[in-house]
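Input: a single structure, listed below in structure tokens.
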Amino acid sequence: MKNTRRDFLKTFVASSVAIPFVSQACLPEKKLGVALVGLGSYATNNLAPSFVNTQFCRLVGIVTGTPAKAETWKKKYDIPDKNIYNYQNFDEISKNPDIDVVYVVLPNGMHHEFVLRAAKAGKHVICEKPMAISVKECEEMMAACKVAKVTLSIGYRLHYEPFTNEVMRLAKDKDFGKVAFVESSFGFPLRDKKAWRMIPKLSGGGPMMDVGVYAVNAARYATGEEPISVTAQAVKTHPDIYVEGIEETMFWQMKFPSGAISNHTTTYNSYLQRLYVGYENGNLEMSPAFDYGPLKGKTSKGEMKFPIVHHQTLMLDGICGDIINNRPMRTPGEEGLRDVKIMMAAFEAAKTGKKVKLV
Ligand code: NAD
């Protein structure tokens, strides 16, 4: 079976619309200019189209290793030649006043290098999930942005959409009491051995790094807590397809300071996408919970009714609006680092068969 992730996620994009969330009076005099680095599937199908409706930013530049893509994008998005870079001359972007924000949408193993180079060029940075493929890389990326006095945000689009905000609110306001249990899982079939997602140097791991990160992040926002320990088990039924360093399926469990516990699965073997939160006096169930939507869910009080939004438009405007208004980033490097720490601990737990403490 071929990689169908693209189709799986793409299905929902067309039906999503952005909600206007600012009055005309709040609009900035100048929209921030964004350059996308890496013009693959996500940049092409999901990020670039978002700029049609963004109010705080616009697409002004691209960085690509493929000259043919530069030609297509130049025409489609009216991008001037002076705002088109390749991976070699990318650092010249420092001299370009049109570009305020660099958005790194490359394979996971390349995030570190390009975030460091973007920060050195003096540009605000957005970096796709997972933030990087090691804790050390994440820390270096945060330090580089701090030194350069630029902001760093991770592309956690769900933090900017209403269903996920409701899950976060329930953890805080405790409508159903304390959280007792979380189950969050995300997987899809991937069997293409040549895909960068199957090459450890570029991916940092298998489904855990790619979509398991959503399940980790969900456990944290559903409880409003940081886990204190993790146990994990990795299972390989097709070792011919999934090489060393690429898990096929992983199960993991976490404990939280309040006593809440969680259980998770991520896999390249099957479709799977859900979030369940068991509270003292009720529950919440979402499926789909993590793709581009429309997301769907119910609580003990009934169906979750929220506007259908375009995640990437709201995220881009959320991040760029915060930059313009000098507000703290909502999904900063720290948020990405926490998830990477947990995923690394889960890999260690699966390898050793032992519980790994996180604090
Ligand atoms: P993709 O394979 O479609 O695109 C990767 C891009 O990187 C391509 O343009 C490719 O040419 C370029 N590239 C440069 N050097 C490369 C190399 N050595 N090997 C392979 N490609 C190279 O991948 P994608 O799905 O667009 O994912 C890119 C990033 O975006 C990943 O970090 C991924 O986790 C993230 N992503 C996030 C979401 C989300 O919902 N937030 C969705 C999809 C992907």
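For the single chain, residues carry numbers from 1 onward in sequence order. Predicted model, so just to flag it, every value in this text is computed and none were measured. Indexing begins at 1, ligand by ligand and atom by atom, following the structure's order.
Numbered from 1 in the order shown, with element, the atoms of ligand 1 that lie under 4.0 Å from a heavy atom of L39 read 9 (O). Residue contact check: V105 has heavy atoms under 4.0 Å from atoms 28 (C), 29 (C), 30 (O) of ligand 1. Numbered from 1 in the order shown, with element, the atoms of ligand 1 that lie under 4.0 Å from a heavy atom of R197 read 23 (O), 24 (P), 25 (O), 27 (O), 33 (C), 44 (C). Per-residue contacts place R157 under 4.0 angstrom from the following atoms of ligand 1 (heavy atoms of the residue considered): 39 (C), 40 (O), 41 (N).
Within the 4.0 Å heavy-atom criterion, the part of W196 lying near ligand 1 is the side chain and not the backbone.
Distances from ligand 1 to the non-hydrogen atoms of G155 include at least one value under 4.0 Å. Within the structure, the closest approach of Q312 to ligand 1 does not fall below 4.0 Å when heavy atoms are considered. Remark: distances from the non-hydrogen atoms of F290 to ligand 1 are all 4.0 Å or more. Residue Y87 places a heavy atom under 4.0 Å from ligand 1. Assignment of M110 to the shell around ligand 1 is supported, since a heavy atom sits closer than 4.0 Å.
Checking E128 against Y103 by side-chain atom types alone, a donor-acceptor pair falls below 3.5 Å. Side-chain contact annotation: R338 with N217, donor-acceptor N/O pair under 3.5 Å absent. Counting only N and O atoms by type, the side chains of E140 and H112 include a donor and acceptor under 3.5 Å apart. Side chains of Y160 and T331: a donor on one and an acceptor on the other come within 3.5 Å. Side-chain N/O atoms of Y292 and Q312 include no donor and acceptor closer than 3.5 Å.
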Exercise for the section: Given side chain to side chain donor-acceptor pair (under 3.5 Å), test S185 with E183 step by step and report yes or no. Expected result: CA-CA 7 Å; S185 297; E183 204 272 355; 3.2 Å; yes

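Between L202 and ligand 1, not a single N/O pair is under 3.5 Å apart.
Taking the side chain as every heavy atom from C-beta outward, L36 and W73 approach each other to under 4.5 Å.
When P107, G40, G38, A132 are checked for heavy-atom proximity to atom 7 (O) of ligand 1, P107 turns out nearest. Of the candidates H111, K129, E128, the one placing a heavy atom closest to atom 34 (O) of ligand 1 is K129.
Considering R220, K129, K341, R330 in turn, R220 is the only one that fulfils the salt bridge (Lys or Arg N to Asp or Glu O under 4.0 Å) rule with E335.
To the nearest 0.5 Å, the span separating CG on L358 from CD1 on I342 amounts to 6.0 Å.
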